[in-house]
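Every chain is numbered from 1 and lettered A, B, ... according to where its sequence line falls, protein lines coming before strand lines.
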2 protein chains.
Amino acid sequence: MKKPIFRLTTLDFSILGLLMQKPMTGYGIRMMFEKTALASYSSSPGTIYPALSRMKGLGMVEKKKQASSNQELFTITKRGISLLTRWVTQTVTRNDVIRNSEILLLRFAFMDILASKAEKRKFLNSFLDVVNQYIKELEAYHLAESSVMPASGRQAFEHGLELNRATCRWIKNLLNNL
Amino acid sequence: MKKPIFRLTTLDFSILGLLMQKPMTGYGIRMMFEKTALASYSSSPGTIYPALSRMKGLGMVEKKKQASSNQELFTITKRGISLLTRWVTQTVTRNDVIRNSEILLLRFAFMDILASKAEKRKFLNSFLDVVNQYIKELEAYHLAESSVMPASGRQAFEHGLELNRATCRWIKNLLNNL
DNA sequence: TCGCACATGTAACGTGTTACATGATTCA
DNA sequence: TGAATCATGTAACACGTTACATGTGCGA
């Protein structure tokens with residue numbers, strides 16, 4: 001994993017994904033975060049506006065005033081689209097599944113216009129591989145350790161297993177109907 | 001939600017939960033975070049040691065050298081146990097479910113020694129209420145908006161719905177067998 | 001004209017991460 | 001004796017949060 005000169009956060013990509021759908025004011029973006037709890041970030045001004053400035057500095061978004069009204073809307077640039085596309089279409093890693101499978105779903109949600117059907121399939125296939133592998137490991141661990149785990153711990157563990165199985169079913173179902 | 005004089009983070013409680021099981025060295029805690037990806041925090045020294053110092057300053061943990069060996073182990077104090085107990089047995093809120101349902105499972109996992117069967121039931125019941133309510137809202141939204149949502153967005157949304165349903169099943173099953 | 005929604009910003013703060021640094025112990 | 005693991009720490013940094021601050025436009 002090479003280190004880029006600048007780091008883009010999930011917050012940045014979340015905003016880019018919103019701007020991909022349509023240009024919005026900073027306030028509009030805030031309201032989207034408030035309504036949809038996007039990736040569980042705060043919708044407060046101190047979160048959104050600094051992020052927008054940063055992204056503007058990096059040439060990922062532009063501030064354009066509409067000719068029709070006097071509103072100032074943020075628009076995603078070509079550079080922004082390119083970065084966002086690269087982000088969503090990355091191959092799914094083991095770490096993604098273990099530590100931020102919520103973000104994987106966010107990436108998928110943004111794929112609508114950004115990725116071809118083939119790229120979606122590729123994403124889902126790598127996702128499925130990793131999840132299946134992970135489920136196997138969890139099952140093996142469960143088999144070996146469940147008798148010595150504290151009851152609540154074991155039950156919470158089983159919950160995690162169930163969620164991964166649900167994700168697995170979701171992927172398979174999607175791959176069949178895509 | 002009143003503001004306490006000091007703030008305890010999920011990281012703090014995760015560490016407390018580990019120390020509840022048995023006293024450990026800082027290094028031991030780090031290794032636990034590395035193996036189990038506990039609440040998806042980094043296992044790096046820069047994460048664990050400053051947290052331990054902070055917690056020691058707040059009287060939640062103690063550093064005790066074992067008589068038998070020359071190891072220095074961190075131990076949870078009575079104050080720490082009290083704070084941890086209060087944390088895990090809090091009533092489940094809507095916000096918990098929407099923004100950090102993973103943390104709810106962590107809380108449940110730690111309940112083994114910290115909570116009575118009745119308290120576990122109370123927790124699970126409030127959890128179930130909130131999840132059921134949330135699922136209803138998601139279903140209503142889906143019914144109303146699915147036709148105008150972009151395909152990937154709708155599918156990701158459906159994934160979220162499925163996870164919540166799986167959680168709901170898990171809770172119900174547990175309540176029957178507790 | 002009162003209040004609310006729209007709209008934008010910033011300063012202080014704490015926390016987690018990365019990277020760097022050091023030393024002891026164990027074992028091959 | 002050299003490598004690997006155990007063990008602890010800290011400094012620089014960036015990010016997200018809270019709280020504060022300000023102003024406009026519109027409808028009741």
Side-chain angles (χ1 to χ4, degrees), chain A residues 1-16 18-19 23-35 37-58 60-66 69-74 95 99-100 103, chain B residues 1-16 18-19 23-35 37-58 60-66 69-74 95 99-100 103:
Chain A
M1 213 185 290
K2 242 170 286 178
K3 181 166 52 168
I5 288 104
F6 54 87
R7 307 178 68 60
L8 298 182
T9 66
T10 310
L11 173 60
D12 297 329
F13 287 120
S14 303
I15 293 175
L16 282 184
L18 284 178
L19 292 181
M24 303 175 80
T25 64
Y27 183 79
I29 293 169
R30 284 185 54 211
M31 292 306 106
M32 287 298 282
F33 273 78
E34 186 148 327
K35 261 177 246 153
L38 239 175
S40 73
Y41 283 104
S42 162
S43 62
S44 66
T47 298
I48 308 299
Y49 292 112
L52 281 168
S53 312
R54 215 189 306 141
M55 292 158 74
K56 202 177 145 196
L58 295 171
M60 295 159 66
V61 300
E62 278 174 354
K63 210 174 183 178
K64 277 184 184 172
K65 59 186 71 126
Q66 296 294 90
S69 68
N70 49 1
Q71 268 198 320
E72 289 222 303
L73 296 178
F74 283 97
N95 218 46
R99 298 176 78 117
N100 8 267
I103 295 176
Chain B
M1 215 184 290
K2 242 170 286 177
K3 181 166 50 169
I5 288 101
F6 55 87
R7 308 176 69 60
L8 297 182
T9 66
T10 310
L11 173 60
D12 297 329
F13 288 119
S14 304
I15 292 175
L16 282 184
L18 285 178
L19 292 181
M24 302 175 82
T25 63
Y27 183 78
I29 293 169
R30 283 185 54 212
M31 293 305 105
M32 287 298 281
F33 272 79
E34 186 148 328
K35 262 177 243 150
L38 239 175
S40 73
Y41 282 106
S42 162
S43 63
S44 66
T47 297
I48 308 300
Y49 292 112
L52 281 168
S53 312
R54 214 190 307 141
M55 291 158 75
K56 202 177 144 197
L58 296 171
M60 297 160 63
V61 299
E62 278 172 357
K63 211 174 182 177
K64 277 186 185 171
K65 57 186 71 123
Q66 295 295 91
S69 68
N70 50 0
Q71 267 198 321
E72 291 222 304
L73 295 179
F74 283 97
N95 219 45
R99 298 177 77 119
N100 9 267
I103 295 176

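Following rounding to the nearest Å, A:Glu72 (CD) and C:dT8 (C1') show an atom-to-atom distance of 11 Å. For B:Met31 and D:dC6, the CE to C1' distance is 9 Å, given to the nearest whole Å. Taking atom CZ of residue A:Phe13 and atom P of nucleotide D:dG16, one finds them 12 Å apart after rounding to whole Å. Separating the CE atom of B:Met24 from the P atom of D:dA7 is a distance of 10 Å, rounded to the nearest angstrom. Across the protein-nucleic acid pair, A:Arg30 atom CZ and D:dA19 atom C1' stand 13 Å apart, rounded to whole Å. One atom, CZ of B:Arg99, and another, P of D:dG16, lie 13 Å apart when rounded to the nearest Å. Rounded to whole Å, atom P of C:dG16 lies 17 Å from atom CG of A:Asn100. When the C1' atom of D:dT17 is taken as reference, atom CD of A:Glu34 falls 14 Å away, rounded to whole Å.
Proximity of a side-chain donor or acceptor of B:Thr47 to a complementary backbone N or O of B:Ser43 within less than 3.5 Å is not detected. Distance alone, capped at 3.5 Å, places no donor-acceptor pair between the A:Arg30 side chain and the A:Thr25 backbone.
Distances shorter than 4.0 Å separate none of the side-chain N or O atoms of A:Gln71 from OP1 or OP2 on C:dC6. Considering only side-chain N and O atoms, A:Tyr27 lies under 4.0 angstrom from the phosphate OP1 or OP2 of C:dC6.
In this structure, B:Thr25 reaches the sugar-phosphate backbone alone: every heavy-atom distance under 4.0 Å involves primed, P, OP1 or OP2 atoms, never a base.
Residues A:Ile15 and A:Leu38 fail the side-chain proximity criterion, which asks for heavy atoms closer than 4.5 Å. Taking the side chain as every heavy atom from C-beta outward, A:Leu19 and A:Met24 approach each other to under 4.5 Å. Between B:Leu8 and B:Met60, some side-chain heavy-atom pair lies under the 4.5 Å cut-off. B:Tyr49 has its side chain out of reach of B:Ile29: every pair of non-hydrogen atoms, C-beta onward, lies at least 4.5 Å apart. In this structure, the side chains of B:Tyr27 and B:Ile48 stay at 4.5 Å or more apart for every pair of heavy atoms.
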Could you list the protein-to-nucleotides 9-15 of chain C atom pairs, N/O on both sides, closer than 3.5 Å?
{"residue": "C:dT10", "atom": "O4", "partner": "A:Gly46", "partner atom": "N", "Å": "3.2"}

